[in-house]
Amino acid sequence: MSSNQQPISLLLCALGGEGGGILTDWLVETARHAGYAAQATSIPGVAQRTGATTYYLEVFPVPVSELDGRRPVFGLNPLPGRLDALVSSELLEAGRQITNGLASNTHTLVISSSARALTTGEKMVMGDGRRDAAELLALVNTHSRARHVLDMAALTKQAGTVVSAVMLGAIAGSGLLPFARRDYEAVMGDSSASAKASLRGFALAFDAVQAQRAQTAYVEQVLADEPEPTPTRARLPDALQHEFPPEVHELMALGHARVCEYQNAAYGDRYADRLRGVLAAEKQGDPQNLHGFRTTVEMARWIALWMAFDDIVLVADLKSRASRQARVRTEVKAGSDDLLRVYDHFKPGAPEFAAMLPVSLARRVLAWDRQRVAAGKSPWALPLKIGTHSVLGMLALRGLAATKRLRPLGSRFHTEQALIDRWLDAVVQLTALHAPLGHEVALCGRLIKGYGSTNERGKDNLLHIMDHLALPALAEPASGPQRCAAVASARQAALSDEAGVALDQALRQHGAPARPVKEQPIRWQHNPRLKVRAGT
Amino acid sequence: MEVSFTQEIESLRLGNGQTFHGEGILAITKALLQSGVSYVGGYQGAPVSHLLDVMVQAKPYMDELGVHVEACSNEASAAAMLGASIHYPLRGAVTWKSIVGTNVAADALSNLASPGVTGGVLVVVGEDYGEGASVIQERTHAFALKSSMVLLDPRPDLACMVHMVEQGFRLSEASNMPAMMELRIRACHVRGSFTTKDNVKPALSRHQLIDEPASFDYNRLAHPPVTFRHEKLKGDERIPAARHYIVEHGLNEHFDGQHQDLGLIVQGGLYNTLIRALQQFGLADAFGDTAIPMLVLNVTCPLVPQQLTDFCVGKRAVLMLEEGQPEYIEQELATLLRRSDIQTPLHGKDMLPNAGEYTAEVMANGLAKFIGRYLQDPATQATADAARAWLQGNQTRRAEAAQQLQAPLPARPPGMCIGCPERPVFSALKLAQEDTGPVHIAGDIGCHALATFEPFSFGHSILGYGMSLASRAGVSPVMKRRVLSVMGDGGFWHNGLLTGVQSALFNGDDAVLLIFKNGYTSATGTQDIISTPDDDAKNSASDKQASLAHTNQTIETTLKGLGVQWMRTVNTYEVDTMRATLTEAFSTPFQGLKVIVAEGECQLERQRRIKPWIASLLKKGERVVRVKYGVDEDVCNGDHACIRLSGCPTLTLKDNPDPLKVDPVATVIDGCVGCGLCGANAHAATLCPSFYRAEVIQNPRWFERLVHSLRGSVVRMLQPS
């Protein structure tokens with residue numbers, strides 16, 4: 001054989017609409033500019049519109065001028081494991097190609113963004129369905145000869161360009177291809193505003209990759225557990241500081257401040273009182289404190305969140321603050337000379353208004369609404385689009401927010417307190433009896449969130465899990481450990497789908513009944529096609 | 001159209017000795033012009049859309065050459081167009097996506113192949129097979145076999161592809177057989193170069209008209225009894241003539257190698273990949289110099305028996321590399337060898353997989369078996385051993401990577417664009433089914449098929465382009481609830497009007513049809529159709545941000561003309577109205593065909609129009625209103641119901657800024673085009689009150705500024721920090 005030299009191969013991963021085609025064109029052009037033979041191809045067909053797609057490039061490492069007119073034969077798809085470089089604008093996609101076996105620690109340089117574009121599957125989970133970035137980074141580390149991981153999304157934003165320019169800069173900076181920086185820059189143009197932005201993005205990534213040491217440090221930093229965001233310091237009153245163990249302080253301070261702000265100082269005392277019960281129970285259930293008061297810590301979080309339940313008064317207050325207006329201005333990137341109009345979408349229904357009314361009145365409002373539904377109408381609701389930038393809109397919101405003091409008179413306040421106490425009692429009793437089970441039930445506080453039907457569903461699920469899986473332990477203490485697992489899996493299942501299919505399955509699996517079917521009006525529909533049969 | 005081909009159109013003009021740089025499918029386009037083609041037609045679809053798109057955009061230059069370009073309404077009309085070459089010495093070319101397009105074109109193709117052609121005919125098919133394919137996995141080869149058509153499968157090298165186009169026309173004329181050229185996706189999108197020739201103005205064209213029609217000749221009809229004669233002609237004259245031409249002009253290539261006692265036979269399209277695989281075993285160099293003799297079939301139908309037997313005779317073994325199933329070439333080859341009593345062992349699908357794309361790794365695995373059995377060469381032994389270790393290592397590495405993960409990685413299928421007008425309809429459908437109960441949904445081909453993915457997961461069947469209404473005909477009579485058929489306007493005009501609407505009306509079916517009227521065949525690259533808003537409407541629109549789909553009423557008038565009595569037109573972004581309309585359609589006592597026209601212009605086309613318009617306004621310092629939606633992070637409840645109802649790429653998650661809360665909150669990232677779906681969903685589905693609509697006014701007018709500042713000072717007084 002005259003030459004055993006093989007082309008340098010690159011697999012580029014991008015999402016539809018990220019300019020992967022342009023990047024490929026740039027690379028082919030750069031090769032031509034530098035005097036090398038190259039070929040690229042892609043399978044963009046079905047990957048259009050935000051799906052994952054790949055582009056494949058081969059460059060022959062000997063200049064055309066030294067080939068005596070011979071033309072290399074280039075491949076059209078990558079050789080898994082013998083790929084020279086894997087370049088990805090998104091971390092999960094780099095991981096995907098690695099699991100497909102494309103990259104290996106003997107051959108492949110992996111250049112990947114650390115940024116994530118979440119998939120729909122990850123986003124639609126009711127809790128937190130996001131994949132762990134550390135897991136993906138570990139995959140990159142294991143299956144690469146060398147690697148450059150950089151936040152391409154941030155660099156793209158900084159340069160005001162498209163990620164393809166940043167990817168080109170990273171490839172250039174890695175020195176994988178036998179081209180000079182000017183070869184790359186020559187094909188990107190230099191006159192138009194977008195070309196200038198591309199060049200900025202190129203330079204940022206080029207420099208970032210060149211700064212090898214800083215990069216290695218960066219990866220290690222990302223791999224290390226991300227530090228918790230430092231919360232705005234809330235201070236726990238001294239008396240409570242002394243009463244509660246230090247482990248609880250941080251969250252309790254936040255929780256205490258939250259409920260005080262939500263209602264008043266007395267409500268804060270009620271919070272502390274509730275937590276006191278948990279602490280006492282935990283001291284009893286876990287006398288050696290093996291778990292660092294973990295149940296009390298969790299309850300400090302969940303009691304506060306439940307006590308500061310979301311209602312229209314709170315929303316009106318949050319939406320009408322000056323800090324909120326400033327945040328929106330930044331989020332929508334309004335310039336200092338631009339005017340900003342903000343419209344808020346609300347759709348309060350009968351339950352939201354009933355929540356504000358005393359119990360007896362609330363019952364009548366809800367009964368009226370149920371009648372509507374039974375008659376085949378949709379539940380009553382008032383779709384509103386309120387201009388928060390306008391005087392009237394702001395007056396309406398501030399007016400509503402001012403009814404905060406009346407909140408304890410409303411029916412919902414009573415319902416919520418009763419439910420909180422029911423749950424709290426369960427946690428306290430179970431913690432004293434079998435601390436881990438109490439802890440699991442405490443964690444179920446996560447199920448309570450949101451407004452309207454979401455909130456109702458969460459409460460139903462919590463109570464059902466509590467009554468059927470956890471509380472029977474009081475009668476048969478030996479079943480405690482087994483019930484721990486049952487509660488944990490039911491909690492996970494409750495967060496996995498709206499319809500509760502997984503939850504019902506988990507419940508049945510652990511010997512509990514599925515949730516009762518919710519009543520819903522049935523619509524009968526006349527079908528003349530069935531007449532024929534009736535007539536015969 | 002989604003892509004602008006200004007630069008590529010220039011490349012089409014290149015003359016003798018110049019160099020063309022670009023995509024494979026555009027090199028084919030250039031080759032058609034170099035071959036003196038008189039007419040070109042086709043139907044868009046990946047991966048061949050660009051061929052037709054560039055010609056449509058290059059209309060002035062095509063007029064200059066006298067080449068007629070027709071954007072056909074479907075593949076059947078494109079194939080029928082080729083009838084022009086039966087009588088007249090006109091070279092014609094059409095293109096579509098195979099296998100689906102070939103199936104649609106089948107009737108006309110059979111009736112073309114039977115009488116045969118006078119002028120050369122070339123059907124360029126994008127072979128959408130293997131990784132990344134979007135259609136059923138079938139071979140075009142079967143069609144060439146049964147209709148006795150020539151099938152070209154050139155090496156994926158621009159010069160070879162162009163050469164084979166030119167030769168394809170001549171071969172078609174020499175044999176009277178229509179020719180097909182199959183181009184795999186990667187070959188269509190390959191970026192390379194070739195040396196161009198001058199374009200040839202067709203001898204008969206729009207400039208050089210035919211004086212008189214051909215005299216009547218019953219033999220040119222696909223009509224009995226002459227079809228029986230055609231059958232004989234195929235075997236007796238046409239195929240032999242084709243074989244003669246193939247040999248005479250060396251269309252199939254024979255590459256010799258040192259291991260004379262072995263041989264590889266390969267489809268031309270797989271050649272490059274085979275060379276890369278051979279390199280791994282040290283059996284080929286970078287320039288394609290092979291150690292094992294190779295017969296490259298740039299023409300895979302008809303095969304030339306003499307050529308194949310000559311290649312095989314005297315060898316210890318031959319390996320046939322043929323992608324897809326069944327293995328037609330291998331079977332024919334085996335028959336040939338048997339008939340000639342040649343004992344050379346033949347391998348193929350026994351060493352290579354039946355199904356799936358023949359990637360470099362797949363081929364290398366096949367070669368490893370072949371070489372392992374037949375070739376012990378000390379010179380390359382070390383390299384071959386390393387290759388075997390490499391192949392083994394791939395398996396191990398994949399297993400390790402999978403083990404390293406807690407769960408398989410989430411899929412990332414394609415989705416609807418940001419601001420797509422079709423997304424709100426599926427939100428409404430999700431809500432409507434909460435009222436009516438789940439319905440059977442007959443899906444179709446088009447962007448709306450992306451609703452089969454999360455978060456909607458809608459659609460029970462997809463039977464073909466424009467087939468959704470027809471495909472429900474057997475379901476709806478036996479289903480308690482009504483069945484919904486979803487169709488795009490592309491599918492409606494491609495096939496749905498006739499196979500679906502007409503049939504449903506004629507049979508008096510109780511059916512619900514939802515037509516997405518977005519104005520373009522968007523999934524194939526936003527090509528124009530008969531219901532596309534015309535240029536006048538686009539130019540005269542005072543607010544270019546608004547959808548213009550309503551300006552063209554062809555669909556509505558057509559449906560009325562056919563006799564549709566229940567028809568509702570709904571703006572897609574009005575989720576509440578759409579939900580009510582769907583519920584009404586599912587529950588109305590009206591028994592006939594119910595059509596909902598969901599009107600909302602393709603967002604890609606809208607943005608193409610808006611962006612330059614906004615830029616020009618800003619440049620002139622004029623007032624511009626930009627809309628973006630947002631989520632209040634402290635109000636968002638972290639339940640993500642909004643995402644389950646939308647799936648918009650710009651509606652995503654971020655860490656919860658509240659240290660007490662653990663679940664991530666929804667957020668709207670840059671790229672939001674302010675389509676309004678978030679707000680409509682918040683109302684229609686009674687989502688949490690965290691959504692806001694922000695209108696940013698750039699270059700506001702002076703009085704606006706004044707009002708705003710007065711208002712602002714009052715609002716600030718009312719506001720707490």
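All chains are named by letter (A, B, ...) in the order of the sequence lines, taking the proteins before the strands, and each is independently numbered beginning at 1. Note that these values count all heavy atoms, side chains included, but never hydrogens, waters or copies made by symmetry.
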Visitor: Taking the side chain as everything from C-beta on, heavy atoms only, tell me whether A:Arg131 gets closer than 4.5 Å to B:Leu405.
Guide: yes
Visitor: Hey, is the main chain of A:Val125 close enough, under 3.5 Å, to the side chain of B:His640 for a donor-acceptor pair?
Guide: yes
Visitor: If we count only N and O atoms by modelled type, under 3.5 Å, do the side chains of B:Arg191 and A:Gln39 hold a donor and an acceptor together?
Guide: no
Visitor: Would the distance check show the side chain of A:Arg258 and the main-chain N or O of B:Leu660 forming a donor-acceptor pair, the cut-off being under 3.5 Å?
Guide: no
Visitor: Regarding A:Lys319 and B:Asp634, does a basic nitrogen lie under 4.0 Å from an acidic carboxylate oxygen?
Guide: no
Visitor: How would you list, by chain and number, every residue that makes a side chain to side chain donor-acceptor pair (under 3.5 Å) with A:Tyr55, sequence neighbours excluded?
Guide: none
Visitor: Using only atom types and a distance under 3.5 Å, with no angle test, would you say the side chain of B:Arg693 pairs donor to acceptor with the backbone of A:Tyr343?
Guide: no
Visitor: Should B:Lys628 and A:Glu331 count as an ion pair when the cut-off is N to O under 4.0 Å?
Guide: no
Visitor: On the 0 to 90° scale, with breaks at 30° and 60°, tag the A:His389-B:His708 ring pair as parallel, tilted or perpendicular.
Guide: parallel
Visitor: Any luck finding a side-chain donor-acceptor pair between B:Gln404 and A:His143 under 3.5 Å?
Guide: yes
Visitor: Between the side chains of B:Glu454 and A:Lys123, is the shortest nitrogen-to-carboxylate-oxygen separation below 4.0 Å, so that they form an ion pair?
Guide: no
Visitor: May I ask you to decide whether A:Arg301 forms a salt bridge with B:Asp658, counting only side-chain N to carboxylate O separations under 4.0 Å?
Guide: no
Visitor: Mind ranking A:Val315, A:Asp317, A:Ile312 by heavy-atom pairs under 4.5 Å with chain B and telling me who comes out on top?
Guide: A:Val315
